[in-house]
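This report concerns only the one structure given below.
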Amino acid sequence: MKKVKQIAAVALAAVLAMGALSGCSKYKTLEDIQKEGTIVMYTNAEFAPFEYMGDGNQVSGVDVDIANEIAKDLGVKLQIENVAFDTIIGAIQSGKGDFGAAGMTVTAEREKQVDFSVKYVKSRQYIVQKADSNLNTLDDLKGKKIGVQLGTTGDLIIDDNLKAAADREGTEENGVLFESGATLKQYGSAPIAAADIATGKLDCVVVDELPAKSIAEKNEGYKAVEMTYADGSTTEEEYAFCVAKGNKTLLDAINKTMQRLMDEGKIDEYVLNHTTK
Ligand code: GLN
């Protein structure tokens, strides 16, 4: 009887282990997607011109145009899910979404969680502020009330620079903003954060270049200025779409369309289209 129990326990452990393993790869392959006839994109439509709520309450933008081409090349329908930015990677890992497309910067940390496509756009961090403010460098943000979108590269860079050396990775220096009196507030979106500049709750919002320019354009009395380091060096980042780790068939298909669009100059065209709106 004891033996039977032991065998049962071993069998159960094996089943659980298999479940856990397959849990890591619950994603849909290219074949699954084509069989179902729908590909699911996860995004956060608060990041014009890459994704925003367009006419008829539809998510539109550069990333949507690219995604439509991917769907067209695969002969499937595109379904878009609009969620909080910091939940996109989790949704791709769990297989809820097939790919993430959200002006998402490739970072070493994220590369551990998902696989990225070829990079399709370069960006830098900008400071959205009142027109009469004079914030140009990271150092200028000492003592300032800074807003960001939760989980974005703007958030990471400010958060890191608020820390003491011991709490930072890959450096032995305190962050530029450490003990300067600067504060960081994280919001669900950069446009919502930026509304707090007008009321004085914030001095500025740190966000990627084109979304920063879009916010400044839509808000009278605001401007967007590139954020450099004190020595004049720039922040540089590049965007890519992401898929679940190991989903090579889907990633290859995405890369093929992405490369074609870049070769045809289409991505620049999409950026222009959605910027002049
Ligand atoms: N590029 C930034 C990042 O990846 C912001 C993206 C976004 O807010 N949609 O963190």
Side-chain angles (χ1 to χ4, degrees), residues 40-54 59-67 80-93 97 99-128 138 146-162 169 184-197 202 204-219 224 226-228 234-243 254 258 267 270-271 274-275:
V40 183
M41 157 174 162
Y42 266 63
T43 194
N44 171 247
E46 304 264 10
F47 202 66
F50 296 97
E51 39 272 324
Y52 56 95
M53 295 314 289
V59 181
S60 42
V62 176
D63 289 338
V64 178
D65 290 352
I66 298 172
I80 301 178
E81 298 297 333
N82 182 15
V83 299
F85 180 77
D86 69 319
T87 67
I88 295 172
I89 288 190
I92 301 309
Q93 286 180 307
F99 68 98
M104 189 182 283
T105 302
V106 179
T107 68
E109 207 43 51
R110 290 174 183 163
E111 275 180 315
K112 291 183 201 152
Q113 304 172 308
V114 284
D115 285 345
F116 281 104
S117 71
V118 292
K119 297 163 180 151
Y120 63 99
V121 163
K122 283 191 173 47
S123 185
R124 293 175 177 182
Q125 291 301 309
Y126 268 58
I127 308 171
V128 180
L138 182 61
I146 309 161
V148 295
Q149 181 180 16
L150 178 67
T152 60
T153 41
D155 185 8
L156 299 177
I157 203 167
I158 299 302
D159 184 55
D160 180 51
N161 276 287
L162 283 165
E169 255 174 62
L184 171 63
K185 190 164 176 208
Q186 296 156 319
Y187 293 75
S189 89
I192 291 172
D196 276 353
I197 298 175
L202 290 181
C204 62
V205 170
V206 175
V207 59
D208 300 31
E209 174 177 5
L210 295 182
K213 288 179 173 166
S214 160
I215 291 169
E217 212 157 273
K218 285 179 196 136
N219 289 277
E226 185 184 340
M227 183 179 81
T228 61
T234 58
T235 62
E236 295 278 358
E237 42 196 272
E238 283 183 285
Y239 299 167
F241 284 13
C242 66
V243 302
I254 288 175
M258 195 83 102
I267 300 200
Y270 298 157
V271 170
H274 291 285
T275 308

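One-based numbering along the sequence shown. This structure is a prediction, so every number in the text was calculated from the model and none was measured. Both counts, for ligands and for their atoms, begin at 1 and track the order of listing.
- Residues with a heavy atom under 4.0 Å from ligand 1: Phe47, Phe85, Ala102, Gly103, Met104, Thr105, Arg110, Gln149, Thr152, Thr153, Asp208, Glu237, Tyr239.
- Ring-plane geometry between Phe241 and Phe99 is classed as parallel, the angle between the planes falling under 30 degrees on a 0 to 90 degree scale with a further cut at 60.
- For the 3.5 Å distance criterion, the side chains of Glu209 and Gln125 fail to qualify, holding no donor opposite an acceptor.
- Annotation for Glu236: atom CD counts as buried by contact number, over 12 foreign heavy atoms lying within 6.0 Å.
- Side-chain atoms of Val121 and Phe50, non-hydrogen and from C-beta on, do get closer than 4.5 Å to each other.
- Scanning all heavy atoms of the two residues, the minimum distance from Ser214 to Ala48 falls at OG-CB, 3.6 Å.
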Audit row: Tyr52, His274, ring-ring contact (aromatic ring centres under 6.0 Å, His included) steps and yes/no: CA-CA 10 Å; Tyr52 56 95; His274 291 285; 5.8 Å; yes
